[in-house]
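Atoms within each ligand, like the ligands themselves, are counted from 1 in listed order. These values consider heavy atoms only, across backbone and side chains, with no hydrogens, waters or symmetry-generated copies.
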Amino acid sequence: MAFAGILSEADISAALKSTEAKESFNFKTFFAKSGLSSKSQAEVKKIFEILDQDKSGFIEEDELKLFLKNFRADARELTDSETKIFLSAGDSDGDGKIGVEGKYGRVFHI
Ligand SMILES: [Ca+2]
């Protein structure tokens with residue numbers, strides 16, 4: 001599990017269970033249930049680096065689509081509309097990706 005030591009297995013299970021149905025993903029709910037909302041800035045940065053699979057320094061749309069799979073390999077992909085809503089929430093400057101600085105930190109601290 002990619003987030004071992006950062007998030008608890010029980011919290012991850014609860015968070016994934018809450019978003020099993022397509023179009024049910026709500027990042028605020030997910031962050032609260034998984035425990036992401038209460039992580040420190042340093043921990044958030046670690047999580048960002050895991051999500052940024054190609055190490056580009058940004059989380060692009062294709063990486064965001066696979067967001068849930070970082071928590072459990074057999075979790076579903078986000079739908080296009082879920083991905084777009086999630087992306088626009090974290091994309092502060094409208095460049096279509098989420099950077100490690102700026103609004104990203106706030107996305108994880110709702
Ligand atoms: Ca990337």
Side-chain angles (χ1 to χ4, degrees):
M1 200 273 287
F3 299 138
I6 305 178
L7 301 173
S8 89
E9 195 65 47
D11 288 348
I12 287 174
S13 291
L16 286 174
K17 196 160 182 53
S18 76
T19 191
E20 273 176 352
K22 281 188 175 180
E23 311 297 351
S24 70
F25 180 74
N26 175 303
F27 68 88
K28 291 184 189 181
T29 306
F30 190 86
F31 286 1
K33 282 187 185 286
S34 65
L36 278 174
S37 303
S38 56
K39 293 296 142 188
S40 70
Q41 203 62 39
E43 288 167 318
V44 168
K45 191 155 187 295
K46 261 189 228 162
I47 290 166
F48 181 96
E49 285 164 359
I50 292 166
L51 298 176
D52 177 18
Q53 292 179 356
D54 64 357
K55 307 295 170 209
S56 66
F58 296 94
I59 298 175
E60 288 86 358
E61 193 167 340
D62 60 331
E63 290 167 340
L64 209 52
K65 200 173 170 62
L66 302 176
F67 178 75
L68 296 177
K69 291 187 171 293
N70 290 282
F71 295 85
R72 187 180 292 153
D74 64 355
R76 68 181 178 90
E77 292 182 6
L78 294 180
T79 67
D80 288 346
S81 63
E82 286 171 327
T83 304
K84 288 210 182 333
I85 293 167
F86 195 10
L87 181 65
S88 64
D91 177 18
S92 51
D93 57 5
D95 62 0
K97 54 194 181 183
I98 300 176
V100 69
E101 306 299 338
K103 199 172 177 183
Y104 179 83
R106 272 177 278 147
V107 168
F108 275 71
H109 287 276
I110 292 162

> Are any N, O or S atoms from Ser56 nearer to the Ca ion (ligand 1) than 3.0 Å?
Replying inline: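 Yes - counting backbone and side chain alike, Ser56 has an N, O or S atom under 3.0 Å.
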> Quick check: does Ile59 put an N/O/S atom under 3.0 Å from the Ca ion (ligand 1)?
Replying inline: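 No, outside the cut-off.
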For [X], what is the atom name of its N, O or S atom nearest to the Ca ion (ligand 1)?
{"X": "Asp54", "answer": "OD1"}
{"X": "Glu60", "answer": "OE1"}
{"X": "Asp52", "answer": "OD1"}

> Are Lys33 and Thr19 side-chain neighbours, meaning at least one heavy-atom pair lies under 4.5 Å?
Replying inline: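 Side chain of Lys33 against side chain of Thr19, heavy atoms only: no contact under 4.5 Å found.
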>> Under 4.0 Å between a side-chain nitrogen and a carboxylate oxygen: does that hold for Glu61 and Lys65?
In response: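 Looking at Lys65 together with Glu61, the answer is no, because their closest N to O distance does not fall below 4.0 Å.
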> At the Ca ion (ligand 1), what is the angle formed between atom OE1 of Glu63 and atom O of Phe58, rounded to the nearest 10°?
Replying inline: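 Between OE1 of Glu63 and O of Phe58, at the Ca ion (ligand 1), the angle is about 80°.
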> Can you tell which of Glu82, Glu20, Glu23 makes a salt bridge (Lys or Arg N to Asp or Glu O under 4.0 Å) with Arg76?
Replying inline: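 With Arg76 as partner, salt bridge (Lys or Arg N to Asp or Glu O under 4.0 Å) holds for just one option, Glu82.
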>> How long is the straight-line distance from NZ of Lys84 back to CG of Leu64, given to the nearest 0.5 Å?
In response: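 Nearest 0.5 Å value for the CG-NZ distance: 10.5 Å.
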> Parallel, tilted or perpendicular: which describes the rings of Phe31 and Phe67, with under 30° parallel and over 60° perpendicular?
Replying inline: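 Because their plane-to-plane angle lies in the 30° to 60° range, the rings of Phe31 and Phe67 count as tilted.
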